[in-house]
Amino acid sequence: MAAIRLRGVSKVETDGTVSVADVDLDVAEGELVALVGPSGAGKTTVLRLVAGLDSPTTGEIRFDGERVEQLTVAQRGVAMVAQEAGLFPHRTAAGNIEFPLLLQRVPAGERRRRVGAAAGRLHLGRGVLARRPRELSAGHRHLVATGRSLVRTPRVWLVDEPLAQVDQAARRELRAELVRVQREMGVSTIYVTNDQAEAMAVADRLVVMRKGRIEQEGAPLDLYQRPASAFVASFLGTPPMALLPATIEEGSGLRIGRDLLAVDGLEGAPGPVTVGLRAEHVVPASPGTPFTRCLHGTVARVEEHGSHRLLFCRLPQAGEVVARSSGPRPGIGDSIELAVAPSHLHLFDPQTGRRRSSV
């Protein structure tokens, strides 16, 4: 298994579009790093550059210290699982898994052993292995594609939106299978997804990309709890963090719309800021909550989530904030008082979007 290192990697397309800009990225041996971001962020381009399917315009890519820009996909020892399973329709599941070994002219006995080992890791029984792709569920097709990618024991495993076309019911199970196999094999892995919840669930380390650049990287929980920018704050989390225009006023006060919150320890000079609030840190106020610890608005929408509900509330002159509640269900249009946890406020520069502080 190989440690992966990218330094100053950029990719400029023939039409001048910058797909990836000055990316530095490290993946330790055996680590699973998830690249996440909106469509067009450059995630798949990074994957293709690491695989050798595209060449960087600038920068270097190393596996275990060796530069690999001039090496082919086969020479790099990478395997890739794409969004489309891409199975050969005339071959059985076992035949699809076996195919890379046929290209390498691996002896028949060794091929059978490796196919059996790959199928065993993925819990693919004989009944599945004997079927052709059209006879398989979407989940089984992706497991077969996964087996095909791992049958050669790659140095680097590249996974691109593997569950995008799998229904929600099967997604968690397949995700768990992919992570389990990756851990068992200890293969260095870059996992690309548009689904931030999926990325947070599988990754040792999360890399958030935007417009071809890395916006922030680190442990998933660290990024969730301390986003480096308003973009990361709004991208991670379900529902996303509410971002509201606010003003720091003299005397440690934070004005959000018509409300002035009493907040101790505010950093920075008085003036405009963007304040971020996650739903779990905003709740309907209990009796006796100080007025200066509350936001006041009206209920615009209610979502039921079984163990709790989400209240989407409009704040005059500020925007919308989401509160988490397990109490009585309010009516649409009801006035509501929301208690805010000052220690969980996030402040961002309204011009650059970069983090200023949390309180």
Next item on the list: Would you give the length of the straight line joining atom CG of Leu236 to atom CZ of Phe231, rounded to the nearest 0.5 angstrom?
Entry: 8.5 Å

Check: Using 4.0 Å as the upper bound for N to carboxylate O, is an ion pair formed by Glu303 and Arg309?
Finding: no

Next item on the list: Starting at OG1 of Thr153, measure out to CZ of Arg114 and round the result to the nearest 0.5 Å.
Entry: 6.5 Å

Check: Taking C-beta and beyond as the side chain, do Phe63 and Leu71 meet within less than 4.5 Å on heavy atoms?
Finding: no

Next item on the list: Check whether more than 12 heavy atoms from other residues, nucleotides or ligands sit under 6.0 Å from atom CZ of Arg112, and answer yes or no.
Entry: no

Margin query: Check this for me, if you would: do Arg132 and Glu135 make a salt bridge, where the nitrogen-to-carboxylate-oxygen distance has to be below 4.0 angstrom?
Written below: no

Check: What distance separates Glu98 CD from Arg148 CZ, expressed to the nearest 0.5 Å?
Finding: 12.5 Å

Notebook entry, point to check: Within a radius of less than 6.0 Å around CD of Gln351, do more than 12 heavy atoms belonging to other residues, nucleotides or ligands occur?
Noted result: no

Margin query: Determine whether Met80 and Leu53 satisfy the following criterion, side-chain contact (heavy atoms from CB on, under 4.5 Å), listing intermediate values before the conclusion.
Written below: CA-CA 11 Å; Met80 193 165 180; Leu53 298 172; 3.9 Å; yes

Notebook entry, point to check: Distance only, no hydrogens: is a donor on one side chain within 3.5 Å (strictly under) of an acceptor on the other, for Ser55 and Gln70?
Noted result: no

Next item on the list: Please examine the side chains of Arg152 and Leu101, heavy atoms only from C-beta on, and report whether any two atoms are closer than 4.5 Å.
Entry: yes

Check: Looking at OG1 of Thr274 and CG of Leu243, how far apart are the two atoms once the value is rounded to the nearest 0.5 Å?
Finding: 7.0 Å

Notebook entry, point to check: Between the side chains of Tyr191 and Glu198, does any donor sit under 3.5 Å from an acceptor?
Noted result: yes

Item checked: Test item: Glu249 side-chain N/O and Arg255 main-chain N/O as donor-acceptor pair under 3.5 Å -> no

Item checked: Exam field: side chain Thr189 to backbone Val187, donor-acceptor pair closer than 3.5 Å -> yes

Note to self: Assigning hydrophobic clusters by single linkage (Ile, Leu, Val, Met, Phe, Trp, Tyr; side-chain heavy-atom cutoff under 4.5 Å), is Ile336 placed with Leu295?
What the structure shows: yes

Check: Would you say Val202 and Val27 are hydrophobically clustered, going by side-chain heavy atoms of ILVMFWY under 4.5 Å?
Finding: no

Notebook entry, point to check: Of the non-hydrogen atoms in Ala28 and Ser188, which two are nearest, and what is the gap between them?
Noted result: O-OG, 3.6 Å

Next item on the list: Would you indicate whether the side-chain heavy atoms of His296 and Leu338 approach each other to under 4.5 Å?
Entry: no

Notebook entry, point to check: Under 6.0 Å from the CZ atom of Arg62, do we count more than 12 heavy atoms belonging to anything else shown?
Noted result: yes

Item checked: Validation row: Thr146, Leu178 side chains within 4.5 angstrom (heavy atoms) -> yes

Margin query: Test your reading of the model: is there a side-chain donor-acceptor pair from Lys11 to the backbone of Ala21, 3.5 Å cut-off?
Written below: no

Note to self: Using salt bridge (charged side-chain N to carboxylate O under 4.0 Å, His left out), reason through Asp26 and Arg7 one step at a time and then give a plain yes or no.
What the structure shows: CA-CA 9 Å; Asp26 290 286; Arg7 286 293 178 271; 2.7 Å; yes

Item checked: Gap separating the OG atom of Ser149 from the CD1 atom of Ile97, nearest 0.5 angstrom -> 9.5 Å

Next item on the list: Please test Arg183 against Leu32 for side-chain contact (heavy atoms from CB on, under 4.5 Å), starting from the C-alpha separation and ending with a verdict.
Entry: CA-CA 9 Å; Arg183 298 288 188 256; Leu32 194 161; 3.7 Å; yes

Item checked: Distance-only donor-acceptor check, side chains Asp22 and Ser10, under 3.5 Å -> no

Check: Is the side chain of Thr17 donor-acceptor paired with the backbone N or O of Glu13 at a distance under 3.5 Å, no angle test?
Finding: no

Next item on the list: Would you kindly confirm whether Val46 and Val232 end up in one hydrophobic cluster when ILVMFWY residues are joined by side chain heavy atoms under 4.5 Å apart?
Entry: no

Notebook entry, point to check: Cluster question for you: counting only ILVMFWY and a side-chain heavy-atom cut-off of under 4.5 Å, with indirect links fine, are Leu102 and Phe88 together?
Noted result: yes

Checklist line | Candidate list Lys43, Arg354, Arg355, test salt bridge (Lys or Arg N to Asp or Glu O under 4.0 Å), partner Glu215, passing option | finding: Arg354

Check: Would Val192 end up clustered with Met200 when hydrophobic side chains under 4.5 Å apart are linked, directly or stepwise?
Finding: no

Check: So, Asn96 side chain and Thr92 main chain: donor-acceptor pair closer than 3.5 Å or not?
Finding: yes

Check: Checking Ser19 side chain against Thr45 main chain: does a donor-acceptor pair fall under 3.5 Å?
Finding: no

Next item on the list: Taking Gln216 for its side chain and Ala228 for its backbone only, find out whether a donor-acceptor pair lies under 3.5 Å.
Entry: yes

Check: Passes side-chain contact (heavy atoms from CB on, under 4.5 Å), Val302 versus Arg329? Steps please.
Finding: CA-CA 8 Å; Val302 179; Arg329 179 185 176 116; 3.7 Å; yes

Check: Are the side chain of Arg76 and the backbone N or O of Val156 linked by a donor-acceptor pair below 3.5 Å?
Finding: no

Check: What closest approach, in Å, do Val151 and Ala118 show between heavy atoms, and which atom pair accounts for it?
Finding: CG2-CB, 4.4 Å

Next item on the list: Mark yes when over 12 heavy atoms from residues, nucleotides or ligands other than Arg314 sit less than 6.0 Å from its CZ; otherwise mark no.
Entry: no

Notebook entry, point to check: So do Leu136 and Val144 actually touch side chain to side chain, heavy atoms under 4.5 Å?
Noted result: yes

Notebook entry, point to check: Between atom CD1 of Ile190 and atom CG of Leu47, what is the distance when rounded to the nearest 0.5 Å?
Noted result: 6.0 Å

Margin query: Assess the residue pair Arg180 and His123 against the criterion (side-chain contact (heavy atoms from CB on, under 4.5 Å)); give the C-alpha distance rounded to whole Å, side-chain angles, the decisive distance to 0.1 Å, and a yes or no.
Written below: CA-CA 11 Å; Arg180 179 183 59 78; His123 301 152; 3.6 Å; yes

Notebook entry, point to check: Which pair of non-hydrogen atoms, one from Glu320 and one from Ala300, has the smallest distance, and what is that distance?
Noted result: OE2-CB, 4.4 Å

Margin query: Could you check whether any side-chain N or O of Glu217 sits under 3.5 Å from a backbone N or O of Val33, counting only pairs where one atom can act as donor and the other as acceptor?
Written below: no

Checklist line | Any donor-acceptor pair under 3.5 Å from Glu60 side chain to Gly8 backbone | finding: no

Check: Do Ile4 and Leu25 come within less than 4.5 Å of each other through their side chains, counting heavy atoms only?
Finding: no

Check: Taking the side chain as C-beta and beyond, is there a heavy-atom pair between Val283 and Ser325 under 4.5 Å?
Finding: no

Checklist line | Non-hydrogen side-chain atoms of Val322 and Leu311 separated by less than 4.5 Å | finding: no

Note to self: How close do Val9 and Pro56 get, counting heavy atoms only, and between which atoms?
What the structure shows: CG1-CB, 4.1 Å

